[in-house]
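Here the structure is laid out as structure tokens; the discussion comes afterwards.
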Amino acid sequence: MSLQADSNDPTVPSLERLLLAVAQGRDQQAFRALFQHFAPRVKGYARKLGADDGAAEELVQDVMLTVWQRADTFDPDLASAATWIYTIARNRRIDRIRQERRPELHPDDSMLDGDGAPPPDHQVQAAQEASRLRAVIGDLPPEQAEVLRLAYYEDKVHSEISVEQGIPLGTVKTRLRLALVRLRRAFGEEA
Amino acid sequence: MPAHHPAPELLFDYAAGSLREVQALLVASHLAYCAECRRRVAELEACGGVLLEEVAAEPVSDGLLDAVLAKLADAPAALPPQPATPPPNGILPGPLHRALGGSMGGALDGVDWVRIVPGIHLSGWSLGVGTASACLLRMAAGASVPAHRHTDHEMLLVLTGAFSDEFGRYRVGDVASYDPDTPHHAVADRDGECVCLLVQDKPLVFTGALGWLLNRGFRF
Ligand SMILES: [Zn+2]
């Protein structure tokens, strides 16, 4: 948890501020507001990934409960609220619906010395990066956007995309790598 | 910083959540050594966040918020601490440490080994999900893995020591990836043993006169 993060700081965008209020004050009003915003999106995400209505709502409950319990691990320097909740929804879905474990790196897991903190140039507000990223995703050529959509929303690894779409694997990889180059520009990096 | 990374597609599949457990174990373990790939994954997770904001929202049933609020009252204020962070100076990265059951004390003392040929052992421990499997591969100093063919993808993540093949040299944290039907001959450095996490999409099939015998030694 970043020391700079403060739920009273008006420059932090509101969803992030709500999460910090849950983390610091166990604020139920803030939690309700987060629920109103994210529950229908998490449900939409689960439905897209093939869950039926009941399973999707169970996932929503699971995710929102995890948000309440893990809010203290949210760091607005590292991720936007949507990104943080996306990772929870992704992992809980793998666990519940695909019934596999999700091998994850924990914050203390680094095998390198002294790289626990994000690099200084990454302390930019993650929420600002998100708006640049949104623009880049919106501008992707359709065939590149499709590869992203299939991976995030249809649980397809790139080799499955190749088989199911009847596209050579090399073409899928090329489209994906082109999309990744564009996405990286949203973070101000040359790929 | 590692010199050999998982393919960009693999990091992408990992961040999107479509990568299956066995391959994800290797990627997550590599991340413990690699700040660069950690940053790549964080960027792709930000992409997931944007897509979550843009997904068609589905209204939830009326009682769902109340059901969750009722559970908050029962839920502990915070989850119990995450299980099993490996001890400092251990040789196992956290995700692998947990996959092995978190009981190794960060070392390999508790692993039992099955000898394949002199100098080459595979761990009795393995993780199999679907068509993929993971286990540990131990090469004695200077030992080489016997010739084998594979019908699918194979990856190695170096945990201790180093090895070389016709494509390069791999040190701790490095990932070697082999496409199906790519002949390769891993040879451990002469100055010490090399232990790797080995991930395959299908079991190895050894070729040659020893093949029949060797294949019986595998415990995938
Ligand atoms: Zn890497």
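From a predicted model like this one, the values you see are computed outputs, not experimental measurements. Here is the naming used below: chain letters follow the sequence lines, and residue numbers restart at 1 for every chain.
Contact between L183(A) and C47(B) at its shortest, heavy atoms only, is CD1-SG, 4.1 Å. Minimum interatomic distance between S18(B) and K156(A) (heavy atoms only, all atoms of both residues): OG-O, 3.2 Å. Considering every non-hydrogen atom in both A28(B) and P103(A), the closest pair reads CB-O, 3.5 Å. A pairwise comparison of heavy atoms in R38(B) and S110(A) identifies NH2-OG, 3.8 Å as the closest pair.
Scanning for side chain to side chain donor-acceptor pair (under 3.5 Å) contacts around R134(A) gives an empty result, with sequence neighbours left out.
For chain A, the nearby part of P59(B) is the backbone; its heavy atoms alone come within less than 4.5 Å. Using a 4.5 Å cut-off between heavy atoms, V157(A) touches chain B through backbone and side chain atoms alike. Only the side chain of V129(B) comes within contact range of chain A, judged by heavy atoms closer than 4.5 Å.
Rounding to the nearest 0.5 Å gives a distance of 13.0 Å between CE of M111(A) and NE2 of H30(B). Atoms CZ and CG, on F12(B) and L180(A) in that order, are 6.5 Å from each other to the nearest 0.5 Å. The distance from the CG atom of L133(A) to the CD atom of E53(B) is 12.0 Å, given to the nearest 0.5 Å. The line from CG of L52(B) to CZ of R41(A) is 7.5 Å long, rounded to the nearest 0.5 Å.
For the salt bridge (Lys or Arg N to Asp or Glu O under 4.0 Å) condition, the pairs that include at least one residue of residues 171-180 of chain A, sequence neighbours left out, are R177(A)-E9(B).
Counting heavy atoms from C-beta outward, D109(A) and P93(B) have side chains that stay 4.5 Å or more apart. Between E104(A) and R98(B) there is no side-chain heavy-atom pair separated by less than 4.5 Å. Inter-residue side-chain proximity for L51(B) and Y45(A) is flagged as unmet; no heavy-atom pair is nearer than 4.5 Å. Between L69(B) and F31(A) there is a side-chain heavy-atom pair separated by less than 4.5 Å. Side-chain contact between P95(B) and L105(A) is present, with at least one heavy-atom pair separated by less than 4.5 Å.
Using modelled atom types, one side-chain atom of E100(A) and one backbone atom of E21(B) make a donor-acceptor pair closer than 3.5 Å.
A cation-pi arrangement is not found for R40(B) relative to F187(A), the charged atom failing to lie both closer than 6.0 Å to the ring centre and inside a 45° cone about the ring normal.
Ion pairing of E43(B) with R184(A) is present here, as a side-chain N (NZ or NE/NH1/NH2) and a carboxylate O approach within less than 4.0 Å.
Between chain A and the options L31(B), L65(B), L25(B), heavy-atom pairs under 4.5 Å are most frequent for L65(B).
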Between R90(A) and E45(B), does a salt bridge (charged side-chain N to carboxylate O under 4.0 Å, His left out) hold up when you go through it step by step?
CA-CA 10 Å; R90(A) 175 196 64 194; E45(B) 288 175 338; 2.8 Å; yes
